[in-house]
Amino acid sequence: MPEVSRFAWRCRRGSALCQAYDLGTMSGVPEKPSLENVEPKWIDSWDQNGTYAFDRSATRDNVFSIDTPPPTVSGSLHMGHVFSYTHTDTVARFWRMRGKSVFYPMGWDDNGLPTERRVQNYYGVSCDASVAYVPNFQPPFRGDPPKDHRAVPISRPNFIELCEELTAEDEKIFEDLFRRLGLSVDWSLLYTTIEDRSRRASQRAFLRNLVRGEAYTQEAPTLWDVDFRTAVAQAELEDRDRPGAYHTIAFHKSDGSGDVLIDTTRPELLPACVALIAHPDDPRYQPLFGKIVRTPLFDVEVPVFAHPLAQIDKGTGIAMCCTFGDLTDVIWWRELQLSMRAIISRDGRIVNEPPSGLTDSAGLAHYASLVGKSAKQAQTAIAEMLTTSGEMIGEPRAITHPVKFYEKGDRPLEIVTSRQWYIRNGGRDAALRDSLLARGAGLNWLPDHMRHRYSNWVEGLNGDWLVSRQRWFGVPVPVWYPLDAQGETLHDSPLVPDESLLPIDPSTDAPVGYTEAQRGQPDGFIGDPDVMDTWATSSLTPQIAGKWQDDNDLFERVFPFDVRPQGHDIIRTWLFSTMVRSHFEHDVAPWSHVALSGWILDPDRKKMSKSKGNVVTPADLFDSYGSDAVRYWAVGARPGVDTAFSEDQMKVGRKLATKLLNVSKFVLGIGEVADDVVPTEAIDVAMLHRLAGVVDEATAAFEAFDYARVLERTEEFFWWFCDDYVELVKTRGYLSHTEDGAMSARAALRRALSTMQRLLAPLLPFVTEEVWNWWQSGSVHQSQWPTTSALTDGLTDGPNEELLDAICGAIGVIRRAKTEAKVSQRAVVTEASFVTSINAASAITAGWADIADAGSVEKWSISTADTNEITVDVTLAPNIH
RNA sequence: GGGCGUUUAGCUCAGUUGGCUAGAGCAUCUCCCUUACAAGGAGAGGGUCGGGGGUUCGAGCCCCUCAACGCCCA
């Protein structure tokens with residue numbers, strides 16, 4: 001046969017001959033099904049019909065509630081969002097079809113530092129609390145300020161207005177993208193973390209913590225980011241390996257009997273030294289305990305103490321304790337009741353005022369030369385001075401060591417003393433810690449091993465939760481302080497607002513009983529200047545989404561929530577802090593299940609990141625493959641497992657969606673059948689029983705949040721159905737033989753089609769809605785989840801896998817024979833001789849008419865042998881071409 | 001240093017309580033316009049289940065051990 005171009009074949013297929021097969025009698029089934037434009041059509045339909053609206057008349061037993069993660073509105077949504085939100089959506093859709101009223105809100109986390117930074121970069125401004133408010137302020141830029149632009153300082157209210165303006169734009173984009181992805185969110189439940197209702201919930205919960213003694217304020221050493229100029233909580237720390245150098249420094253014994261050598265990586269803190277510390281069991285230093293030594297360069301007297309945290313094998317075994325170089329210094333300072341000699345300011349520079357105890361004139365001169373230097377510059381300077389004075393022993397020895405950073409910061413954290421607010425979290429209270437551990441142990445973790453992340457974190461807490469931040473765009477700490485007659489702040493007796501007044505801003509609102517004129521005056525008041533950590537608000541998402549106190553009738557219908565979906569990277573922050581708040585406020589865990597999603601990895605198995613330039617835009621993928629196809633890729637990943645980004649999988653998903661269109665068109669177009677016809681042919685009945693098994697498995701899998709298994713089992717059946725079952729029965733279904741046989745096939749095809757469309761509906765919501773509406777009324781997403789009883793209703797025979805296997809095996813060997821002979825599958829087999837087991841032979845005999853139709857077999861024979869295999873010899877008709 | 005996870009075909013992964021010849025998709029190769037679908041279909045090849053040891057009639061799965069990779073915590 002001469003080679004024919006694909007184009008020529010297409011022309012032939014489009015000819016009148018091909019169009020003669022008329023689908024016009026099937027109402028709703030398009031002649032040429034397509035995935036084009038189905039998404040906008042159904043997005044609008046769902047919106048207009050309230051398909052996903054939460055029915056708040058449902059009682060808690062009939063509600064499935066989801067504590068949706070509110071994405072941070074500081075840029076764009078990426079594939080990680082698409083991935084994990086799809087997982088949650090499939091589960092939401094399943095429970096909706098199971099008859100639950102699904103509480104599926106969305107929130108935007110527009111609160112906090114990421115937004116501040118984005119506003120600074122986008123508008124070319126910076127916040128300065130001393131600048132006056134400018135009505136109708138216009139920022140110098142809206143997007144992409146030039147690189148040499150210097151940020152324009154603006155007032156806090158103006159800054160916040162810009163924050164709100166920018167997040168509103170971003171949130172619209174986010175919503176559009178999530179709608180496009182097909183999330184079955186009830187958008188009327190949308191919340192943002194900066195809106196009044198969230199600030200009210202956040203401040204109310206804080207004030208209740210305060211009343212119960214769970215929140216407290218304290219002046220204490222705190223980890224501090226010198227660039228952001230804010231305190232940082234333990235949960236926001238990360239260790240980074242950084243180059244450093246051990247400097248060996250000589251301290252001088254006060255009795256003149258020689259030197260004590262210490263090793264330090266931070267010689268610049270020498271003026272802040274308050275003691276030397278060695279291990280109590282270290283014989284080298286036992287004679288020194290309780291004695292006094294003098295610091296080099298500054299000649300300040302410091303005591304030598306014993307403490308078990310000193311490491312015998314580290315350096316010379318005796319350490320310089322400064323206020324403060326690291327967290328161990330804080331412990332020593334507290335437990336040994338040492339002096340305070342702070343020399344690092346909140347912007348990371350050496351302070352003007354020399355520390356206490358420094359009186360030596362040469363020492364003062366040395367100190368003066370350090371003032372204003374950054375820690376790094378001071379280190380260089382002090383190393384030079386020590387070398388000059390001969391008090392540095394040898395050269396500094398380079399090492400690499402872990403240094404604590406704020407996770408969003410660029411310079412190592414310092415420790416400064418400041419007044420901060422804390423919420424108890426078990427870090428300083430064993431009984432509370434045990435309670436929180438028990439709460440975590442009581443959760444259903446998906447996957448289960450993630451529970452260790454929680455217990456690991458709680459057991460490792462070394463302090464309470466620091467919730468105050470020295471920032472602007474956040475929820476203000478809702479307290480004021482009275483000032484005494486001298487104008488001094490009375491921190492121990494804060495003034496609190498009544499809950500009915502919330503939310504408040506203590507920087508602009510005056511407390512009850514005071515007037516604004518008394519702000520900052522003796523015997524007046526002053527507002528707390530700080531805002532709360534973003535997690536202090538995010539930890540209340542169940543309360544915010546459920547409208548706690550604002551609508552308690554609603555709250556009681558949804559709380560505690562059924563599931564918290566989230567990433568495993570924020571177990572220590574979001575998950576744990578939510579647990580803390582719920583434990584205190586409601587004495588219950590905020591959810592029964594926690595579903596942790598995995599990471600998206602690029603094809604090189606590295607976590608996808610913007611800096612590597614390998615982030616793909618979700619919208620582009622929706623355009624290329626369709627939302628269902630992108631969801632297919634996401635759903636294919638096992639719960640909690642890191643997954644490689646794969647456009648190949650999206651192509652497969654696209655194929656599946658297209659196939660569902662085509663097979664639906666076929667089943668609905670093969671011919672009419674009365675609704676009450678019950679399938680009777682053995683193969684039809686066996687197929688329905690096989691599908692019933694899939695329904696059982698899919699249902700159990702969804703109940704366990706295992707959407708991936710639902711897809712796997714449904715998809716496996718679906719392709720078998722298309723490739724084997726449909727091929728076997730299509731000729732019979734066209735009414736080629738008997739009326740009964742045709743009706744049995746048509747009825748079975750329709751039962752199966754309805755079931756498969758519903759099984760796939762939570763996974764591929766667009767294409768299933770499209771094909772469902774060709775022949776059913778209402779949304780597939782409000783239809784009932786398939787049941788085995790409906791699927792097998794009226795069938796007189798039971799399951800028969802052996803029959804299906806034998807018949808499909810027989811058609812399989814005939815196909816293989818044709819492929820090996822390199823002829824078309826349509827080629828006629830004049831004679832086929834099978835050899836197989838007795839049981840398979842009887843099954844093949846029973847199903848022979850369908851096999852003969854599908855394989856175009858004219859004459860056949862079968863003999864039995866002691867084998868489970870099916871083999872066949874075929875004689876092919878001469879090729880008529 | 002402690003904890004958790006992973007290791008199965010070229011790639012991405014299933015493999016449920018230990019049980020027939022270890023599966024799927026992708027990729028590769030071959031063939032096929034066929035009356036739902038060529039944006040399709042029918043087939044084929046490809047694996048020492050990370051290494052070693054053990055338990056068992058039987059191990060990808062259970063136990064011990066080693067290794068590599070990843071993550072969490074210190």
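The figures that follow rest on heavy atoms only: side chains count, while hydrogens, waters and symmetry mates do not.
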**Student:** Please report the distance, rounded to the nearest Å, between CH2 in A:Trp445 and P in B:rC4.
**Tutor:** 15 Å

**Student:** Could you tell me whether the phosphate oxygens of B:rC26, OP1 or OP2, come under 4.0 Å of any side-chain nitrogen or oxygen in A:Lys655?
**Tutor:**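 Yes, such a contact exists.
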
**Student:** 5'-most contact on RNA chain B: A:Trp457 or A:Arg654, nearest heavy atom basis?
**Tutor:**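 This one resolves to A:Arg654.
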
**Student:** Less than 4.0 Å between a side-chain N and a carboxylate O, is that true for A:Asp724 and A:Arg815?
**Tutor:**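 So A:Arg815 pairs with A:Asp724 through a salt bridge.
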
**Student:** Indicate the ring-plane relationship of A:His568 and A:Trp599, choosing parallel, tilted or perpendicular according to the 30° and 60° boundaries.
**Tutor:** perpendicular

**Student:** Given that both distances must come in under 3.5 Å, which nucleotide forms a Watson-Crick or G-U wobble pair with B:rU17?
**Tutor:** none

**Student:** Pairing check on B:rG1: which nucleotide meets the Watson-Crick or G-U wobble criteria with it, both distances under 3.5 Å?
**Tutor:**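 Pairing partner: B:rC73.
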
**Student:** Please classify the nucleic acid contact of A:Trp720 as base, sugar-phosphate, or nothing, using heavy-atom distances under 4.0 Å.
**Tutor:** nothing

**Student:** Between the protein and nucleotides 42-44 of chain B, which nitrogen or oxygen pairs are less than 3.5 angstrom apart?
**Tutor:**
{"unit_1": "B:rA42", "atom_1": "OP1", "unit_2": "A:Asp723", "atom_2": "OD1", "d": "3.4"}
{"unit_1": "B:rA42", "atom_1": "OP1", "unit_2": "A:Asp723", "atom_2": "OD2", "d": "3.4"}
{"unit_1": "B:rA42", "atom_1": "O2'", "unit_2": "A:Thr819", "atom_2": "OG1", "d": "3.1"}
{"unit_1": "B:rA42", "atom_1": "O2'", "unit_2": "A:Gln825", "atom_2": "NE2", "d": "2.6"}
{"unit_1": "B:rA44", "atom_1": "OP1", "unit_2": "A:Arg816", "atom_2": "NE", "d": "3.1"}

**Student:** Going by an N to O cut-off under 4.0 Å, is there a salt bridge joining A:Arg334 and A:Asp329?
**Tutor:**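 No salt bridge links A:Arg334 with A:Asp329.
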
**Student:** Taking the nucleotide of RNA chain B with the closest heavy atom to each, which residue, A:Lys404 or A:Gln649, is nearer the 5' end?
**Tutor:** A:Gln649

**Student:** State which of B:rU12, B:rU34, B:rC71 makes the closest approach to the side chain of A:Ser824.
**Tutor:** B:rU34

**Student:** Does A:Lys655 count as lying over the ring of A:Trp719, i.e. NZ or CZ under 6.0 Å from the six-ring centre, within 45 degrees of the axis?
**Tutor:**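 Pair A:Lys655/A:Trp719 counts as cation-pi.
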
**Student:** Which class fits the ring pair A:His307 and A:Trp332: parallel under 30°, tilted 30 to 60°, perpendicular over 60°?
**Tutor:** perpendicular

**Student:** With a 3.5 Å limit on both atom pairs, tell me what B:rA24 is paired to, counting Watson-Crick and G-U wobble, or say none.
**Tutor:**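 Matched B:rA24 with B:rU12 under the 3.5 Å cut-off.
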
**Student:** Whole Å only: how far is the CG atom of A:Asp642 from the P atom of B:rU12?
**Tutor:**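 In whole Å, B:rU12 P lies 13 Å from A:Asp642 CG.
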
**Student:** Separation of A:Leu575 atom CG from B:rC72 atom P, in whole Å?
**Tutor:** 16 Å

**Student:** What is the distance from NZ of A:Lys822 to P of B:rC33, rounded to the nearest Å?
**Tutor:** 13 Å

**Student:** In whole Å, I'd like the distance from the CZ atom of A:Arg713 to the C1' atom of B:rA24.
**Tutor:**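 Going from CZ in A:Arg713 over to C1' in B:rA24 covers 11 Å.
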
**Student:** In terms of relative ring orientation, are A:Trp720 and A:Tyr725 parallel, tilted or perpendicular, with 30° and 60° separating the classes?
**Tutor:**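 A:Trp720 and A:Tyr725: tilted rings.
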
**Student:** From CD of A:Glu712 over to P of B:rU12, roughly how many Å is that when rounded to an integer?
**Tutor:**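 Checked: the CD to P distance equals 18 Å.
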
**Student:** Would you mind reading off the distance between A:Arg453 atom CZ and B:rA74 atom C1', rounded to a whole angstrom?
**Tutor:** 15 Å

**Student:** Taking any heavy-atom pair under 4.0 Å as a contact, classify A:Glu238: base, sugar-phosphate, or nothing.
**Tutor:** nothing

**Student:** Rounded off to whole Å, could you give me the CZ-to-P distance for the A:Arg451 and B:rG3 pair?
**Tutor:** 18 Å

**Student:** Tell me the partner of B:rU55, counting only Watson-Crick (N1-N3 plus N6-O4 or O6-N4) or G-U wobble (N1-O2 and O6-N3) with both under 3.5 Å; none if nothing fits.
**Tutor:** none

**Student:** A:Arg572 near the nucleic acid: base, sugar-phosphate alone, or nothing, with a heavy-atom cut-off under 4.0 Å?
**Tutor:**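 Contact class for A:Arg572: sugar-phosphate only.
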
**Student:** If we call it a pair only when both distances are under 3.5 Å in a Watson-Crick or G-U wobble match, what pairs with B:rG43?
**Tutor:**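 Checking every strand shown, B:rG43 finds its partner in B:rC29, with both distances under 3.5 Å.
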
**Student:** Across all strands, who's sitting opposite B:rG50 as a Watson-Crick or G-U wobble pair, both distances under 3.5 Å?
**Tutor:** B:rC66

**Student:** Less than 4.0 Å between a side-chain N and a carboxylate O, is that true for A:Arg433 and A:Glu459?
**Tutor:** no

**Student:** Indicate the ring-plane relationship of A:Phe576 and A:Tyr454, choosing parallel, tilted or perpendicular according to the 30° and 60° boundaries.
**Tutor:**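 Geometry flag for A:Tyr454 against A:Phe576: perpendicular rings.
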
